[in-house]
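What follows is one structure encoded as structure tokens, with my remarks underneath.
In the text below, chain A, chain B and the rest are named by the order of the sequence lines, each starting its count at 1. Side-chain atoms are counted along with the backbone in the values below, which use heavy atoms only and exclude waters and symmetry mates. A quick note: this is a predicted structure, and the numbers were derived from the prediction, not measured.
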Number of protein chains: 4
Amino acid sequence: MSAAADRRRDLIAAARQLIAEKGMAGFTLRAVAQAAGLHHATLLHYFPAKADLLHAVVEDLLQSLAAPLSGAAPVVIAQPQLRAIIAEFFDIRQRLHTDPAMFVVMSELQLHGRHDREVATQLSRLDEAWSRHLAHLLSEGVREGALRADLDVPAATEALMAETKGITMQAAAGGDLLALDRAIDVLAAQLEAYLRPS
Amino acid sequence: MSAAADRRRDLIAAARQLIAEKGMAGFTLRAVAQAAGLHHATLLHYFPAKADLLHAVVEDLLQSLAAPLSGAAPVVIAQPQLRAIIAEFFDIRQRLHTDPAMFVVMSELQLHGRHDREVATQLSRLDEAWSRHLAHLLSEGVREGALRADLDVPAATEALMAETKGITMQAAAGGDLLALDRAIDVLAAQLEAYLRPS
Amino acid sequence: MSAAADRRRDLIAAARQLIAEKGMAGFTLRAVAQAAGLHHATLLHYFPAKADLLHAVVEDLLQSLAAPLSGAAPVVIAQPQLRAIIAEFFDIRQRLHTDPAMFVVMSELQLHGRHDREVATQLSRLDEAWSRHLAHLLSEGVREGALRADLDVPAATEALMAETKGITMQAAAGGDLLALDRAIDVLAAQLEAYLRPS
Amino acid sequence: MSAAADRRRDLIAAARQLIAEKGMAGFTLRAVAQAAGLHHATLLHYFPAKADLLHAVVEDLLQSLAAPLSGAAPVVIAQPQLRAIIAEFFDIRQRLHTDPAMFVVMSELQLHGRHDREVATQLSRLDEAWSRHLAHLLSEGVREGALRADLDVPAATEALMAETKGITMQAAAGGDLLALDRAIDVLAAQLEAYLRPS
DNA sequence: AATGAATGAGCATTCATTCAT
DNA sequence: TATGAATGAATGCTCATTCAT
């Protein structure tokens with residue numbers, strides 16, 4: 001398409017990779033520009049300020065996360081809602097192999113959001129969408145009798161998100177991917193044992 | 001004791017608080033020195049380089065984490081090993097209220113460890129100690145029949161650690177503490193349901 | 001006429017206004033172009049360099065100043081030469097209300113002329129023309145006996161110009177226009193008292 | 001005295017000279033530092049921000065102006081108040097030879113004050129002090145019968161200040177000093193002719 | 001005629017660190 | 001022990017100008 005859009009994409013990608021590799025401290029206009037093969041003043045032609053580039057990186061990351069993975073859940077479970085929730089874990093497991101850097105960036109941004117209102121807002125949009133999605137699945141499951149009747153849906157939602165972020169963090173910290181795979185299986189099994197109606 | 005040791009403690013505390021409040025980007029020798037009430041050049045008399053202060057902060061943090069909390073587990077569970085593991089969660093829950101800043105610092109350092117070998121080594125010591133501790137509890141439980149026989153102990157250990165870091169991250173991101181409390185309860189219940197021998 | 005000439009006029013006007021509002025520091029090609037509604041690279045098509053635009057601004061300003069005001073001197077004085085000189089003050093007084101920004105620009109340029117030989121030359125043309133005009137009026141008056149016989153014409157001319165620039169500066173500094181009006185009356189009266197043949 | 005105070009003075013002097021020579025556009029931290037013989041980062045050790053240095057320059061300039069000149073008025077005039085006012089002109093005339101750069105700096109700052117509230121405030125302090133001083137002299141003179149009875153004191157004050165600024169500007173613009181001297185004489189004579197009681 | 005892209009130079013400011021006192 | 005002074009490197013950003021389209 002437009003050469004400018006391409007450049008923007010390149011710059012966002014370079015920034016994203018840089019954050020993944022060097023952390024927010026390494027996210028420098030000069031470094032991004034160099035990685036994208038242009039002068040740092042030229043970068044500001046595409047993104048008028050560093051913050052704009054960062055926000056674009058976050059937006060791009062959110063889109064990556066929103067895009068559904070093609071792979072189906074590799075585990076068959078009787079109840080549909082339960083299955084859908086478990087599938088989220090396997091989705092994460094797959095992304096962990098596809099683009100592990102994404103988890104590092106996600107963690108960096110999460111922390112950075114504490115001091116950047118705009119980033120915080122952007123990320124909270126993701127959190128809320130995800131939270132709504134999970135809560136919906138859970139309450140549907142409860143209503144249909146697929147999940148335990150006395151489930152504290154908001155608390156379970158929060159727990160699911162914490163687990164997700166834990167995986168993200170563990171991955172970001174540079175853990176063993178295979179060990180993490182098996183841990184995700186355990187988390188899924190835990191969930192299954194807990195959610196099943198007695 | 002020694003006035004020098006006191007100063008060092010003050011500086012470490014100031015640094016820790018600064019990291020909690022402003023993130024690693026706000027962790028500046030000038031800022032730390034000012035918070036501790038001395039000239040930034042004097043700070044380098046106690047810690048010859050910024051890295052030394054940071055490493056001391058990490059060491060201090062690890063000691064804080066190693067110190068057991070006085071509070072007993074507020075939930076009674078039949079099997080001792082299961083109870084001990086669940087107790088870890090409630091220990092975290094309590095710390096979350098006692099010193100929430102600690103979780104922020106922990107997250108910041110975890111991420112920073114990716115680019116600072118020394119910090120990574122220090123943190124991995126904690127991870128390994130914790131990992132060993134959890135694995136020991138789990139395998140003891142399996143051997144005594146208190147936990148399910150077919151438990152994949154390493155995977156379950158990794159899952160437990162991911163859950164812990166998830167809570168840490170969720171807390172660091174500035175979530176609602178009360179909601180997080182209930183989420184921890186759910187995590188504990190999940191765990192219980194999963195670990196119980198069939 | 002030509003669209004290009006129109007554009008040039010627009011750009012000169014935009015530059016002039018910008019200098020009036022933000023000073024020489026705010027006189028930026030980007031800002032001028034934006035104010036005139038075109039790309040800053042396009043501006044360089046009309047004025048190959050920033051200096052060219054500035055020189056055009058000065059030229060434009062000089063033309064504005066050369067154009068006689070339609071208003072007649074609102075004070076009647078017996079001697080024609082004296083009246084003409086006094087009229088200059090009232091001319092200034094009127095311009096002060098019509099286009100106060102002009103005085104700011106004039107002051108900015110005067111100062112800028114110290115470091116821009118071309119601008120200095122342009123302005124000195126104005127100064128000399130004005131100086132010649134005033135000197136002519138004065139010496140005519142002396143010759144005809146309308147003004148004091150022992151008048152030091154060059155010195156009086158310089159004094160008149162200093163007064164004019166003082167008003168300009170006072171106006172540029174953002175003084176009260178009404179107060180300045182009355183001050184100009186006083187200056188005119190001073191002049192009259194001084195020039196009158198004894 | 002203190003070496004630090006000396007350095008500060010040096011830096012202020014360097015800044016002042018730089019403004020006089022190159023204008024506000026040439027007033028650069030690097031240039032000032034270089035002129036004072038130190039690294040530009042060291043300059044910020046003495047003045048935490050560029051604005052602080054500038055404000056110090058203004059303060060220094062105001063002090064220079066406040067300091068009375070030792071030379072007595074070289075003209076004898078009957079009435080004391082009239083004499084005092086005329087003396088102000090000769091004070092300026094003398095300073096014009098002693099430190100002509102001061103007038104350039106004054107003009108630059110006056111214009112700069114339009115966009116720097118702090119500088120404007122500092123300069124207005126001088127203006128007001130001066131204005132008060134002149135107004136006092138004038139009204140005293142009127143009261144004692146030394147000056148014309150129907151004098152519009154505020155307007156005459158404003159006129160005097162405009163004349164002063166005109167001389168400043170004319171000097172700043174690089175006029176001939178000797179011609180300016182004679183112009184000042186004319187201005188003084190004008191004033192005398194005007195103020196004299198009929 | 002118009003503009004998007006690109007660049008080199010420059011600017012104020014911050015930071016970790018060294019050194020002399 | 002303490003600190004003021006000093007510096008080099010780096011950062012985000014602005015600007016005038018050039019060039020290809």
Exercise. Atom CG in A:Leu61, atom CZ in A:Phe103: separation rounded to 0.5 Å?
Worked result: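 Here the rounded value is 10.0 Å.
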Problem set entry | By side-chain contact (heavy atoms from CB on, under 4.5 Å) - contacts of D:His45 (at least two apart) |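 With sequence neighbours excluded, D:His45 shows a side-chain contact (heavy atoms from CB on, under 4.5 Å) to no residue whatsoever.
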Exercise. Within this structure, what is the NZ-to-C1' distance between A:Lys50 and F:dA10, rounded to whole angstrom?
Worked result: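 To the nearest whole Å, that distance equals 11 Å.
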For this session: Please examine the side chains of B:Arg9 and B:Asp60, heavy atoms only from C-beta on, and report whether any two atoms are closer than 4.5 Å.
Result: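 When only atoms from C-beta onward are counted, B:Arg9 and B:Asp60 do not touch, as no gap falls below 4.5 Å.
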Problem set entry | B:Lys22 vs B:Glu108 side-chain heavy atoms within contact, under 4.5 Å |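 With C-beta onward as the side chain, the pair stays apart.
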For this session: Would you mind telling me which residue lines up with the more 5' stretch of DNA chain E, B:Leu44 or A:Leu43, judged by nearest nucleotide?
Result: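 Residue closer to the 5' terminus by nearest nucleotide: A:Leu43.
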Exercise. If each of A:Leu29 and B:Leu38 is mapped to the nucleotide of DNA chain F with the nearest heavy atom, which maps nearer the 5' terminus, i.e. the 5' end?
Worked result: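 Per heavy-atom nearest nucleotide, the more 5' residue is B:Leu38.
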Exercise. When the nearest nucleotide of DNA chain F is assigned to A:Ala51 and to D:Arg7 on a heavy-atom basis, which residue is associated with the more 5' position?
Worked result: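 Checking each residue's closest nucleotide, the 5'-ward one belongs to D:Arg7.
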For this session: Please list every stem that involves DNA chain E, where a stem is a run of 3 or more consecutive Watson-Crick or G-U wobble pairs with both pairing distances under 3.5 Å.
Result: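 Stems (3+ consecutive pairs) listed as E:2-21 with F:2-21.
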Problem set entry | C:Arg16-C:Ser64 side chain donor-acceptor pair, cut-off 3.5 Å |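 Their side chains do contain a donor-acceptor pair, which is all the 3.5 Å distance test asks for.
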Problem set entry | Side chain A:Arg30 and base F:dA10 donor-acceptor under 3.5 Å |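 Checked by distance alone, the answer is no.
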For this session: Answer yes or no: side-chain N or O of C:His40 and base N or O of F:dC15 forming a donor-acceptor pair under 3.5 Å.
Result: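 A donor-acceptor contact between them is absent.
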Problem set entry | Span of DNA chain E in contact with chain D (heavy atoms, under 4.0 Å) |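 The protein-touched segment is E:dC11 to E:dT14.
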For this session: Kindly check if the number of other-residue, nucleotide or ligand heavy atoms within 6.0 Å of CD (C:Glu21) is above 12?
Result: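 More than 12 heavy atoms, drawn from other residues, nucleotides or ligands, come within 6.0 Å of this atom.
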